**Q** 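Pasting in a structure now, in structure tokens, and then I'll have a few things to ask.
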Number of protein chains: 8
Amino acid sequence: MTTNERPATRVALICGSRSDLETLEQGAALLAQLGVAHETRVISAHRAPRLLDRYVADAPGRGIRVFICAAGLAAHLAGAVAARTPYPVIGLPMPGGVSDGLDALLSTVQMPPGVPVATVGVGNARNAALLAAQILALADDGLAQRVAAFREDQTRRVEQDPANA
Amino acid sequence: MTTNERPATRVALICGSRSDLETLEQGAALLAQLGVAHETRVISAHRAPRLLDRYVADAPGRGIRVFICAAGLAAHLAGAVAARTPYPVIGLPMPGGVSDGLDALLSTVQMPPGVPVATVGVGNARNAALLAAQILALADDGLAQRVAAFREDQTRRVEQDPANA
Amino acid sequence: MTTNERPATRVALICGSRSDLETLEQGAALLAQLGVAHETRVISAHRAPRLLDRYVADAPGRGIRVFICAAGLAAHLAGAVAARTPYPVIGLPMPGGVSDGLDALLSTVQMPPGVPVATVGVGNARNAALLAAQILALADDGLAQRVAAFREDQTRRVEQDPANA
Amino acid sequence: MTTNERPATRVALICGSRSDLETLEQGAALLAQLGVAHETRVISAHRAPRLLDRYVADAPGRGIRVFICAAGLAAHLAGAVAARTPYPVIGLPMPGGVSDGLDALLSTVQMPPGVPVATVGVGNARNAALLAAQILALADDGLAQRVAAFREDQTRRVEQDPANA
Amino acid sequence: MTTNERPATRVALICGSRSDLETLEQGAALLAQLGVAHETRVISAHRAPRLLDRYVADAPGRGIRVFICAAGLAAHLAGAVAARTPYPVIGLPMPGGVSDGLDALLSTVQMPPGVPVATVGVGNARNAALLAAQILALADDGLAQRVAAFREDQTRRVEQDPANA
Amino acid sequence: MTTNERPATRVALICGSRSDLETLEQGAALLAQLGVAHETRVISAHRAPRLLDRYVADAPGRGIRVFICAAGLAAHLAGAVAARTPYPVIGLPMPGGVSDGLDALLSTVQMPPGVPVATVGVGNARNAALLAAQILALADDGLAQRVAAFREDQTRRVEQDPANA
Amino acid sequence: MTTNERPATRVALICGSRSDLETLEQGAALLAQLGVAHETRVISAHRAPRLLDRYVADAPGRGIRVFICAAGLAAHLAGAVAARTPYPVIGLPMPGGVSDGLDALLSTVQMPPGVPVATVGVGNARNAALLAAQILALADDGLAQRVAAFREDQTRRVEQDPANA
Amino acid sequence: MTTNERPATRVALICGSRSDLETLEQGAALLAQLGVAHETRVISAHRAPRLLDRYVADAPGRGIRVFICAAGLAAHLAGAVAARTPYPVIGLPMPGGVSDGLDALLSTVQMPPGVPVATVGVGNARNAALLAAQILALADDGLAQRVAAFREDQTRRVEQDPANA
């Protein structure tokens, strides 16, 4: 078997609306920095449920192993994906509705027993990406080293903050 | 064409969990009282998405024209049905999560543009049923009369309350 | 029978304040696009209760079958209309008060048993209009086709989003 | 003119539901203790709007000068009365909905400009009654003395609390 | 007795901070329009408790019969005044803290039994003023007529709204 | 001057209502355990403002250096004390109102600039007491040792939890 | 190297208080059912920070690759662990504080950029466990099959619900 | 013993992020005005936990007796410091997350029994500083006089407000 036949493990970043794309790309940028293959889509769970069905069904064949789903308001995207895949799904609630995103947060995190969504903070696309990398790093020593270096670097930047000199 | 070939217009009542069934049946009872044909199902949008797909696809053939969807927590059921049908979908948020059902309310009502859910109050199954009847009554004069009589009767009961004598 | 004798079925869009009118007109525009006759009014349930009484009483004679009521803060407009008509009333809570419209949402959706309001998301006038169209489409095959086409078109736009190419 | 021709100034206590009556009667008891004439009614603004109209229209003729309106959920009762009378209206939000009565509180207090409701704390019927008495006492020296005595008595009870001995 | 010996009944408008003064003056303007004598003060219950004590003690001697108290955050001003006077106290919660003034609203309205505050909507100084006028109008027929005319005028403006033509 | 002439430094525990006394006494018990002199009072800031004035004025003469103030609902007690003393005031919001004490929390913590209240968690009387002890320990080496021992003991109990064996 | 020298991959379940242990054990039971090795601890991030430090440092040596952290109120446990390990940390907010666990939810999920916590619903220990299993299944085909079977089984139970017959 | 051997008592001001520094410096400015020695640091409890450990361990040797900790979102900084020191810790929740800082407030104040954080209002750095000064003033008569003068001055400014002339 050649490496071509087995696609690289990768992360899918999906958002429910064009307006969420800019935030989502902050997560894509961090995945790129960490050397994690990924792809980005705009698929509304409500406006295009059949496309989402097909996308989630086909994604594993392209190597997708973790999904990051960004949505606002009654944010069903992460839950809808989690209902259709056994792979880990990371929910990224978006701000903009009631109480600066409380609606999206509750809609994403309060999943019923049996279908978890790994929810990160409101609008925090970089944490969604870093969490995806931490998950994939469990089976990828190179990535584990890059994640560790990233974490050490961010710690070092705090330690070297001029305010702490 | 015979009446057998064209099923009676009816309402589907769906809940996402067995534990919501008792509340939902208060709505079914009111539909029965108003002479509205209906059927009840327990289908989780998250644990059985394909069953929900099939159910929503097949429902119109059995005469379903309005859906009532009861769910708690990250309540996606109404939105998931609304994403798959052009018929009116009534969302019934269930209490029990954060702030006595605020999570279910926001998850049900804050739908994105293009896929509305007609949301009623937390746990208020009778209002979900009455709303369904009011909608169907627009094309059913007999039902319209029964709804009007129901409304008049409840007004009369207030007017005749012993406290107001 | 002439068209004069039986007015076209139509939707009333009412808002409680001049400042809500711009949002409400987004709903009127969608109704126009879907070919649904409608009329728009500014009637405060609190500042002009008798005008509202008369309006709701006279509306059916002009063919009104669905009411859309937009209000903010202690948003009573939809409930006040629902208390006076057996026709479906859609509540549109407006943002601007406590927690970006949580006050208007709760004031609109938490109706007591017996008088439902079909509530849509905060500030989401297009969903209020689409819900009205879905309701009227149950008895209007032409409208049903236009609603279906609208829904298919919005799905197609997601599927053809350049981000998904 | 005889006293029969001019009815005693009095307070109307109205609640929107039988279930609120027990709480409301705590307010009635305090009014009785303070020697304020009053009457109690159960009139839902949503289920019996015409009865409420008539009641508010007729009340001044019977001497009603202050209204206390208790309601829960989307609590419109106080606002509906305030829209129909120039007399002071005291709103008493009832607990039991979302967040222990936050829905009723916001629905009662967040009135639009031009139609104020004097809102007291959630479920605090005694404060509604005391506020009514304070208002009427502005034109009734005897009542003013009874209110002052009541206030002094409650202060004295704190001062003589055994814990402070 | 001359009118000099008995001061005109009047309303005190107090705010807890200079930054609330502009809002409060909207209430003062409405009182002026309605012909209600009034005076305005900036007295923080927390930064100047003794000045507040003296002010509340002296106010009745100058004819003050109703207090309007505007404060934000942990808004104690209305409650502090209510604790020191048997006259009606109107609480005006100011926006700007947590959840657009939810902190000030709860701090103002949730008074313990025995010391009511008549709370109006967040930042709604005109309603505070109108409520004060409605209260004083109970013993002032001229004011009652001006309040009634004000209310009728605002109703007429809605009825004559060009949108309703 | 003899030690008799200078009273021992002590903590005042005040609650606004009899119903808060049981919780407050959990704090008193911890102070006793830590050897901190203290006294307990029930003084409502709203029902007995003059008693509170006198108490706060006299307290330093009896050695009071820290105040713990427990109150629920529109919890003004801590702020009222803080307005009248330069000594540290610890606010203890009590549960029981809106959202399990959110009203008391916001009323206690959101003080305006210039008059801080050191707020602890809702209903957490032991933390109020421990904070008072930590503050007094800055000038009392014996107490500092007892606080340190208390903290070490609670850490040891976690370390020796059977679940961690 | 023998398999004895390399410990089995496992999940750590930690709770911040004895009172959370019963809930946490629902997660442990599900891990057991799915054949995932795990261990349970009671370690407060606040009362025993050094023990937590040591535990997190030593855990990888025993094969720990995923942490589940359950805590209520100001729930720092998950964040404290995430700050000390590059492995995935699942946060389980516990109910019982303000608004049925809203405090714990926000304290767990709203992590700053660079240190994600994968948060599940309030009190939903089974979802925390299932998420851990889904993560570990990415590198464990046997576990992946057991997770898939678990998910299919729960779907089948919905499909075979008597209510749907 | 020389003054070099015993460092001046001082306050540590720590914030979790560079973006909080500007607010924190308002507190530093007030400490300077009151003549309280202090130092400022930027140390994230999540990104640099070991640096925080070392800082808290070393701080007492430099005379630190009170910590002020400013953080937003899932604000763990104050709790993390409180877990590692017996000295008083003042928590300063920062706005910017859900509901204008409700997340940071709850994350800071809702500490478990045994580890209190003295929480001040959202973003209110001056109150954090003043509280620190009030605490240190218990053992520093000069500071006590400066605090008293500061408080009297702010009272005088209210009394001399032109609006009160």
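No hydrogens, no waters, no symmetry mates; every other heavy atom, side chains included, goes into these values. Remember, it's a predicted structure, so these values are computed and weren't measured experimentally.
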**Q** Using side-chain heavy atoms (C-beta onward) and a distance below 4.5 Å, is Asn124(A) in contact with Gln110(G)?
**A** no
**Q** Taking every heavy-atom pair that is under 4.5 Å apart, which of Thr119(A), Asp140(A), Val120(A) has the most such pairs with chain G?
**A** Thr119(A)
**Q** For chain G, find which of Val122(A), Val147(A), Thr108(A) contributes the most heavy-atom pairs closer than 4.5 angstrom.
**A** Val122(A)
**Q** Measuring heavy-atom distances to chain A, does Ala82(G) have an atom under 4.5 Å in its side chain, in its backbone, in both, or in neither?
**A** backbone
**Q** Taking side chain as C-beta onward, heavy atoms only, is Leu105(G) less than 4.5 Å from Val109(A)?
**A** yes
**Q** Please state whether the side chain, the backbone, both or neither of Leu30(G) comes within less than 4.5 Å of a heavy atom of chain A.
**A** neither
**Q** Which atoms of Pro112(A) are under 4.5 Å from chain G, going by heavy atoms: the side chain, the backbone, both sets, or neither?
**A** backbone
**Q** Under a 4.5 Å heavy-atom cutoff, which of Thr85(A), Ile90(A), Thr155(A) has the most pairs with chain G?
**A** Thr85(A)
**Q** Specify the closest pair of heavy atoms between Gly114(A) and Gln154(G), including all atoms of both residues, with the distance to one decimal.
**A** O-NE2, 2.8 Å
**Q** If you tally heavy-atom pairs under 4.5 Å against chain A, which of Ala129(G), Gly123(G), Pro113(G), Ala133(G) wins?
**A** Pro113(G)
**Q** Select one option (side chain, backbone, both, neither) describing which atoms of Val66(G) are under 4.5 Å from chain A's heavy atoms.
**A** side chain
**Q** Do the non-hydrogen side-chain atoms of Val89(A) and Leu131(G) ever get within less than 4.5 Å of each other?
**A** no
**Q** Against chain G, work out which of Gly121(A), Pro93(A), Ala125(A) has the most heavy-atom pairs shorter than 4.5 Å and name it.
**A** Gly121(A)
**Q** Less than 4.5 Å to any heavy atom of chain A: does that hold for the side chain of Ala144(G), its backbone, both, or neither?
**A** neither
**Q** Ignoring hydrogens, what is the shortest heavy-atom contact between Gln134(G) and Pro86(A)? Give both atom names and the distance.
**A** NE2-O, 3.2 Å
**Q** Does Asn127(G) reach the main-chain N or O of Val117(A) with its side chain, forming a donor-acceptor pair under 3.5 Å?
**A** no
**Q** Please classify the contact between Arg151(G) and chain A as side chain, backbone, both or neither, with a heavy-atom cut-off of under 4.5 Å.
**A** side chain
**Q** Side-chain contact, heavy-atom cut-off 4.5 Å: Ile135(G) with Leu138(A)?
**A** yes
